[in-house]
Amino acid sequence: GAGVSQSPSNKVTEKGKDVELRCDPISGHTALYWYRQSLGQGLEFLIYFQGNSAPDKSGLPSDRFSAERTGGSVSTLTIQRTQQEDSAVYLCASSSPLTGVGGYTFGSGTRLTVV
Amino acid sequence: SQQGEEDPQALSIQEGENATMNCSYKTSINNLQWYRQNSGRGLVHLILIRSNEREKHSGRLRVTLDTSKKSSSLLITASRAADTASYFCAIQAGNQFYFGTGTSLTVIP
């Protein structure tokens, strides 16, 4: 597609439920990043994929968070047993590895609210 | 372009020295953010400064913001070899981030 697509755009879930967030990167972008942003804060790095492998998972806040990427394209971020502190905007970005940060394209994000 | 621009593009200093990086931008902002990226890793958020703030400190980091000049600076004091990385300023508009081209900092032990 022309841009990075994320779905759903908004998700309200009850505490304790599992949620799955989807990111469809720009075709041909081999690098894919998940970040989250709480209100008034900067981006918090979660995980980075190069192709289907995740060389950097250091940002996942707990074992309730997991992500996968298949076919070098779509990625899903799964949060199990959601907690209220998981409420944030979850952003996905993709890039060609040659362009670096300046070549990031972000999706429009998923606003997750845990009630 | 809303993209920030940084200078210098590359900076090499001795451990213990201070490192200063500058960022200029063109649009009005609500806040300006600084990030660090080590090779092959994701961005790490360092500090966010709001448009009504002029200076902010976090550990060895000091950020200044001059909205009249549309510029910001990041100062790292008493640098360490572990500070070696690329540093980016970012402007946020909605859920889009506009990053500068970055300053590559090398701290020599």
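Numbers restart at 1 for each chain; the letters A, B, ... are given by sequence-line order, proteins then strands.
Remark: A/E14 CD is loosely packed, at most 12 non-hydrogen atoms of other residues, nucleotides or ligands lying under 6.0 Å away. In this structure, A/R64 places its CZ atom where more than 12 heavy-atom neighbours from other residues, nucleotides or ligands lie under 6.0 Å away. Around CD of B/Q9, the count of heavy atoms belonging to other residues, nucleotides or ligands within 6.0 Å does not exceed 12.
Under the side chain to side chain donor-acceptor pair (under 3.5 Å) criterion, A/D24 pairs with no residue, sequence neighbours left out.
Put simply, B/I29 and B/L48 are part of two different groups of oily side chains (I, L, V, M, F, W, Y) that touch within less than 4.5 Å, one to the next.
Although no hydrogens or angles enter the test, the distance criterion places no donor-acceptor pair under 3.5 Å between the side chain of A/Y33 and the main chain of B/L43.
Between B/Y35 and A/L43 the shortest side-chain heavy-atom distance falls below 4.5 Å.
Rounded to the nearest 0.5 Å, atoms OH (B/Y98) and CZ (A/F106) are 10.5 Å apart. Distance check: B/Q33 CD to A/Q41 CD gives 9.5 Å after rounding to the nearest 0.5 Å. With rounding to the nearest 0.5 Å, the separation of CD in B/Q37 from OH in A/Y48 is 8.5 Å.
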